[in-house]
2 protein chains.
Amino acid sequence: MKTIEEFLESKNIRVTAMRLLIYKFLAEKLVAVTLSDIENAFEKADRTTLYRTIKTFEEKEIVHQIDDGTGITKYALCEKGCNCEIETDLHLHFHCNNCNETICLTEHKIPQIKVPDGFVSENVNLVVKGICDKCSGQ
Amino acid sequence: MKTIEEFLESKNIRVTAMRLLIYKFLAEKLVAVTLSDIENAFEKADRTTLYRTIKTFEEKEIVHQIDDGTGITKYALCEKGCNCEIETDLHLHFHCNNCNETICLTEHKIPQIKVPDGFVSENVNLVVKGICDKCSGQ
DNA sequence: ACAATAAATGCACTTCCATTGCATTGGTTA
DNA sequence: TAACCAATGCAATGGAAGTGCATTTATTGT
Ligand SMILES: [Mn+2]
Ligand SMILES: [Mn+2]
Ligand SMILES: [Zn+2]
Ligand SMILES: [Zn+2]
């Protein structure tokens, strides 16, 4: 079991106090978060630092960005099977219309989508909207 | 063959000069447009009017909104088979990474997506990105 | 240990798009 | 014609993303 420090270093991410905190914050969250969510969790920190930290995580491919259609970019830690570095083979995302939370369905792969002749598919964004398990009352 | 005026009235949209112009603009476009696109096409008109016109068209369900992941909302006229009033049965959209245009693939229905137990799927946003037929050089 | 260097952070500012309040215009109806 | 309501125009706001630059902090070489 690697420590978080070792993990970050293995991804060529310099370890700082702020980065550790943000990583832990993301790790204990079960849902995708916005920059504002992180901002609210760390009121003392500057927004730019949080922004650049998440961008660093994204570049180093330990976080992926999610466009769930709300207009606000969300982020989540990449998990085993996430494969976000590969443009194909992305998992799908679920956005709850009730609680407004967005979660990765890592194990749910996006089916092969047929496109008309002449079109070349490079990657796919698939967001299912509806009611999540917590909100569906069961 | 209904006139545009008759069509708008049948949808409970009051006919104005501006609305006719915008409707025709959308109708002759083969791709989804942004508010800025409309703005550039009608420099004399105020941005707010264009904005509210497109929102009216959306409410009255003759236009649907497209989130193609560029961060800028796009709009396109609903066509036969569009069914955008019904939350299910949406068609897919294609965004070209080369020319940056987004088009409706109205005839391409979104396959049924399985979600885990407890989750209820209400609708789906599916955007395929890649190279369009014009840009793929054929 | 110290100086030189590079990276991370903080602050201010900007840009872009979406959206709203309110005054004005214009068209419809009694 | 007067009254009314919808459409339009102008101005301002707000939210989110992104950037320039100064400062602090960490790393490296001597
Ligand atoms: Mn995900
Ligand atoms: Mn469409
Ligand atoms: Zn929910
Ligand atoms: Zn193209």
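Numbered from 1 within each chain, the chains take letters A, B, ... in sequence-line order.
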Is it true that a side-chain atom of A/R19 and a backbone atom of A/R14 form a donor plus acceptor pair closer than 3.5 Å? yes
For [X] and [N], give me the distance from atom [atom1] to atom [atom2], rounded to whole Å.
{"X": "B/N12", "N": "D/dA6", "atom1": "CG", "atom2": "P", "answer": "13 Å"}
{"X": "A/E43", "N": "C/dT9", "atom1": "CD", "atom2": "C1'", "answer": "18 Å"}
{"X": "A/D46", "N": "D/dT23", "atom1": "CG", "atom2": "C1'", "answer": "13 Å"}
{"X": "B/R19", "N": "C/dG27", "atom1": "CZ", "atom2": "P", "answer": "13 Å"}
{"X": "A/L8", "N": "C/dA7", "atom1": "CG", "atom2": "P", "answer": "18 Å"}
{"X": "B/K44", "N": "D/dC10", "atom1": "NZ", "atom2": "P", "answer": "14 Å"}
{"X": "A/F42", "N": "C/dG10", "atom1": "CZ", "atom2": "C1'", "answer": "17 Å"}
{"X": "A/E39", "N": "C/dG10", "atom1": "CD", "atom2": "C1'", "answer": "13 Å"}

Heavy-atom side-chain proximity of A/I66 to A/C104 below 4.5 angstrom: yes
List the protein contact pattern of nucleotides 13-19 of chain D with one symbol per nucleotide (5' to 3'): B for base contact, S for sugar-phosphate-only contact, - for none; contact means a heavy-atom distance under 4.0 Å. ---SBBB
Phosphate OP1/OP2 of C/dT9: any A/T16 side-chain N/O under 4.0 Å: yes
So which nucleotide from [options] ends up closest to the side chain of [X]?
{"X": "A/R14", "options": "C/dC11, D/dA7, C/dA8", "value": "C/dA8"}
{"X": "A/T49", "options": "C/dA8, C/dG10, D/dT8", "value": "C/dG10"}
{"X": "A/A45", "options": "D/dG9, D/dT27, C/dG10", "value": "C/dG10"}

Quick one: closest heavy-atom pair of [X] and [Y], and the distance?
{"X": "B/I131", "Y": "A/E122", "answer": "CG1-OE2, 3.6 Å"}
{"X": "B/A41", "Y": "B/F25", "answer": "CB-CE1, 3.5 Å"}
{"X": "B/I113", "Y": "A/L126", "answer": "CD1-CD2, 3.7 Å"}
{"X": "B/L92", "Y": "B/V128", "answer": "CD1-CG2, 3.8 Å"}

So does A/K114 have more than 12 non-hydrogen atoms from other groups sitting under 6.0 Å from NZ? no
